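Here is the structure we will look at.
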Amino acid sequence: MTDSSAAHLQTQLTDRMRGSRWSRIEVVESIGSTNADLVARASGDPAAVAGHVLIALEQTAGRGRHTRAWESPAGAQLAMSVAVGVPRPTAALGWLSLLAGIAVSAAIEEVCEPLRQTPGQVNLKWPNDVLIDDRKVAGILAEFVAAGAGDGQAAGSGTAVIGLGINTAMTEEQFPVPTATSLSVAAGQSVDHADLAVAVLTSLDDLLTLWPDRLPDIATRYRAQSGTLGSQVKLILPGDKEIVGVAEEIDAAGRIVVNTGSEKVVAAAGDVTHLR
Ligand SMILES: O=C(O)CCCC[C@@H]1SC[C@@H]2NC(=O)N[C@@H]21
């Protein structure tokens, strides 16, 4: 029988990620929110938490974008947060969550053979929803904790906590919305959480070597994986204003640029629907 305990997963991951930027990997059976936990730790000692990874087999108060709740039923999702040191102020902070989307979609394609066969079947909806056949399989929430005045770090520096939830074994009955999916439903394959976590952490490690100095290289990879860029989209902006247009590009700050025909709207946040 395979050992699916938190302690076993932690030992496997610590072993397999040795030598990477991920200096400490912790796996817990249950937690409120892995993001909330790392954010709290980063607020106490920002420098000490960079490189930490926290995984939970279950979250009881998972956090989604726009203060929504996020469901993480026991054993059915890879729920993981990583802490990344941000040593100096940068306008490219928004790219961290986009970069995480690339890492997640690449990892899914790596571990799910059936999904690798059809390029574009796994794609990204701006900013960082990971879709399979237009249904959401993974979400990402990046939060920034600025270093306090007394931390001895440069102003504008801090820690980014990037949280990601990948629905691995969730069933149709467990989906919070009909537009959700999981790897088992979409690919008909059960995925080993250790293999998936290693693939995500390795890909993140690689992509972070390009951030923030080589944004064009990250942008090229984002565009290749994006279902949004070049498409006709509906964008609901904070405050509920709706626009329709072609998603043309992502700017240096990670904002989407939508051309409505009469103007170019640049948005840092919002909800996109792909129209075609
Ligand atoms: O699409 C979204 O709304 C973002 C969802 C992010 C969920 C992950 S699960 C691990 C980490 N901990 C949380 O509380 N949220 C993120």
Side-chain angles (χ1 to χ4, degrees), residues 6 9-10 13 22 25-43 49 52-84 94 96-105 107-108 122-132 134-145 159-170 174-183 191 193 196-197 199-201 204 225-228 235-236 238 254 256 268-274:
L9 184 56
Q10 176 166 318
L13 292 177
W22 310 116
I25 301 180
E26 255 177 286
V27 184
V28 297
E29 297 284 340
S30 182
I31 200 168
S33 153
T34 53
N35 256 44
D37 192 282
L38 280 193
V39 164
R41 288 192 221 174
S43 312
V49 88
H52 284 202
V53 176
L54 180 59
I55 295 177
L57 304 190
E58 171 197 51
Q59 292 187 116
T60 53
R63 310 210 289 216
R65 290 173 56 228
H66 305 306
T67 67
R68 295 177 189 132
W70 178 262
E71 311 260 338
S72 308
Q77 185 179 94
L78 177 65
M80 165 159 93
S81 297
V82 302
V84 176
L96 276 179
S97 74
L98 306 185
L99 164 161
I102 306 171
V104 170
S105 52
I108 288 174
V122 182
N123 64 58
L124 292 169
K125 181 161 77 79
W126 182 87
N128 48 32
D129 285 352
V130 184
L131 308 182
I132 300 177
D134 277 333
R135 292 169 70 178
K136 179 165 168 172
V137 71
I140 290 159
L141 173 68
E143 303 183 72
F144 181 66
V145 184
T159 308
V161 173
I162 307 172
L164 53 101
I166 307 175
N167 299 341
T168 49
M170 276 167 87
Q174 289 175 311
F175 295 149
V177 288
T179 49
T181 192
S182 65
L183 297 179
V191 166
H193 278 198
L196 182 59
V200 172
L201 290 170
L204 266 177
Q225 204 72 39
S226 173
T228 301
L235 172 63
I236 304 179
I256 192 166
D271 278 313
V272 162
T273 306
H274 294 158

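Quantities reported herein were computed from a predicted structural model and do not represent experimental measurements. All ligand and atom numbering here is 1-based and tracks the order in the structure.
- Put simply, CD1 on Ile140 and CG on Leu124 are 7.5 Å apart, with the number rounded to the nearest 0.5 Å.
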Can you give me a line-by-line list of nitrogen or oxygen pairs between ligand 1 and the protein shorter than 3.5 Å?
{"residue": "ligand 1", "atom": "1 (O)", "partner": "Lys136", "partner atom": "NZ", "Å": "2.6"}
{"residue": "ligand 1", "atom": "3 (O)", "partner": "Arg65", "partner atom": "N", "Å": "2.7"}
{"residue": "ligand 1", "atom": "12 (N)", "partner": "Thr34", "partner atom": "OG1", "Å": "3.0"}
{"residue": "ligand 1", "atom": "12 (N)", "partner": "Asn35", "partner atom": "N", "Å": "3.4"}
{"residue": "ligand 1", "atom": "12 (N)", "partner": "Gln59", "partner atom": "OE1", "Å": "2.9"}
{"residue": "ligand 1", "atom": "14 (O)", "partner": "Ser33", "partner atom": "OG", "Å": "2.7"}
{"residue": "ligand 1", "atom": "14 (O)", "partner": "Gln59", "partner atom": "OE1", "Å": "3.4"}
{"residue": "ligand 1", "atom": "14 (O)", "partner": "Arg63", "partner atom": "N", "Å": "2.6"}
{"residue": "ligand 1", "atom": "15 (N)", "partner": "Arg63", "partner atom": "O", "Å": "2.7"}

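- Side chains of Gln77 and Asn167: a donor on one and an acceptor on the other come within 3.5 Å.
- A distance-only check finds no donor-acceptor pair linking the side chain of Glu143 to the backbone of Val161 [under 3.5 Å].
- Under the 3.5 Å distance criterion, the side-chain polar atoms of Thr181 are left unmatched by any main-chain donor or acceptor of Lys136.
- Of all heavy-atom pairs between His193 and Gly75, the closest is CE1-O, 3.9 Å.
- The side chain to side chain contact (heavy atoms under 4.5 Å, CB included) test with Met80 is passed by exactly one of Thr34, Val53, Ile162: Val53.
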